[in-house]
Amino acid sequence: MTNDQLSEYEQGLIGEIVYGKVEAVFRWGVIVDLGLSRVGLIDALYVDDGDKYQIDDRIGCYLDCFDKQKDKFILRPPNQVSLAERLRRAKGQ
């Protein structure tokens with residue numbers, strides 16, 4: 001599935017805050033049911049040590065994109081940047 005194969009509604013959500021329910025929590029990320037054609041994934045790189053996601057939590061995240069290989073929407077919590085971006089910023093200081 002590519003962005004061309006997403007519904008018009010789903011394409012319109014890219015870059016927006018969406019809400020869903022946490023379905024599963026793993027070391028590699030958090031799976032979120034968005035009520036869309038595919039689930040969302042918060043990659044572990046977007047999760048801080050202090051974040052406590054639990055199954056059935058209702059959360060809001062930015063829908064960054066659709067990852068064809070993972071067959072999931074990629075989510076980013078508001079006001080958070082990935083570990084890679086944090087490291088890039090730290091090197092720039």
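Note that this is a predicted model, so its numbers are computed, not measured.
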Student: Work out which heavy atom in Tyr19 is nearest to a heavy atom in Gly60; give both atom names and the distance.
Tutor: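 Nearest heavy atoms, Tyr19 then Gly60: CD2-CA, 3.5 Å.
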Student: Any chance you could measure Gln11, atom CD, to Leu6, atom CG, to the nearest 0.5 Å?
Tutor: 5.5 Å
Student: Measure the CZ-CG distance between Phe66 and Leu36 for me, rounded to the nearest 0.5 Å.
Tutor: 10.5 Å
Student: For residues Val18 and Val32, determine if any side-chain heavy atom of one lies less than 4.5 Å from a side-chain heavy atom of the other.
Tutor: no
Student: Return the minimal non-hydrogen interatomic distance between Arg38 and Lys72, and the atom names on each side.
Tutor: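 Scanning both residues, the minimum pair turns out to be CB-CA, 4.5 Å.
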Student: Report yes if some heavy atom in the side chain of Ile59 is under 4.5 Å from a heavy atom in the side chain of Leu75; otherwise report no.
Tutor: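 The answer is no, as the side chains (C-beta and beyond) never meet within the 4.5 Å cut-off.
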Student: Please list all pairs passing the side chain to side chain donor-acceptor pair (under 3.5 Å) test where one or both residues lie in residues 50-63, with sequence neighbours left out.
Tutor: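 Residue pairs passing side chain to side chain donor-acceptor pair (under 3.5 Å), neighbours aside: Asp51-Gln80.
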Student: Once salt bridge (Lys or Arg N to Asp or Glu O under 4.0 Å) is applied, what residue pairs with a partner in residues 23-37 remain, sequence neighbours excluded?
Tutor: none
Student: Which residues end up grouped with Trp28 if you chain together Ile, Leu, Val, Met, Phe, Trp and Tyr wherever their side-chain heavy atoms are less than 4.5 Å apart?
Tutor: Phe26, Ile31, Val39, Leu41, Ile74
Student: Main chain of Ser37, side chain of Glu10: is a donor-acceptor contact present, judged purely on distance under 3.5 Å?
Tutor: yes
Student: For the CG atom of Leu34 and the NZ atom of Lys21, what is their distance to the nearest 0.5 Å?
Tutor: 12.0 Å
Student: Taking all heavy atoms of Cys61 and all of Pro77, pick out the closest pair and write down the distance.
Tutor: SG-CA, 4.0 Å
Student: Measuring from atom CG of Asp64 to atom CD1 of Ile42, what distance do you get when rounded to the nearest 0.5 angstrom?
Tutor: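 Nearest 0.5 Å value for the CG-CD1 distance: 10.5 Å.
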